[in-house]
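For reference, the structure discussed in these notes is given below.
The structure displayed is predicted, hence computed values, not measured ones.
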Amino acid sequence: VRLAKHGLPTCKAVVLELYGTGNAPHFNKEFLEAMDIAKKSGLLVVATSQCVRGSVIPATKALTSWLYTIGIVPAHDMTTEATCAKLAYLFGKGLSPQQVAAAMVVSLRGEITPTSTALSKAEMRLGARPSKL
């Protein structure tokens, strides 16, 4: 939370490990404020799941829906490690945070299951090129 509020000069992205399909601690006012500040300051925020199987699905609950409306990018069924590696790769290519956000929801090397309906919806919302099914 402190990094989201103050770490922008040394950090380009934050990866959140959320509960289940992307549920966040909705009663934690500090968390919600930090996410809002992070997004307004240009920090890329990506949401993964702590679950071994399953996918982060945007708009499954009111809070989760709010997170995605402010631009938090769902990692879908990527592991936290794959998400971090993909962020490092994309930022290492010199892409802008907006370009990285769009590329995060597109399967580059099979890191995301392309048959996900949620994936297609997120791609359209973020303006990314659709995955080949």
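Side chains of Val45 and Met35 form a contact here, defined as non-hydrogen atoms less than 4.5 Å apart. Between Met104 and Leu90 the shortest side-chain heavy-atom distance falls below 4.5 Å.
Rounding to the nearest 0.5 angstrom, the gap separating the CG atom in Leu43 from the CD1 atom in Ile37 is 11.5 Å.
Heavy atoms only, all atoms of each residue included: Leu44 and Ala101 are closest at CD1-CB, 3.6 Å. The two atoms that bring Asp77 and Glu111 nearest to each other are OD1-O, 4.1 Å, heavy atoms only. For the pair Ala13 and Phe91, the tightest heavy-atom approach, listed with the atom from each and the gap, is CB-CE1, 3.9 Å. Taking all atoms of both residues into account, the shortest heavy-atom contact from Ala47 to Ile72 is CB-CG2, 4.0 Å.
Here the side chain of Thr48 pairs a donor or acceptor atom with the backbone of Leu16 at under 3.5 angstrom. Although no hydrogens or angles enter the test, the distance criterion places a donor-acceptor pair under 3.5 Å between the side chain of Gln99 and the main chain of Ser96.
For Lys93, the salt bridge (charged side-chain N to carboxylate O under 4.0 Å, His left out) criterion is met by no residue, not counting sequence neighbours.
A side-chain contact (heavy atoms from CB on, under 4.5 Å) with Lys86 is found for one member of Ile112, Val100, Val15, Val46 and no other, namely Ile112.
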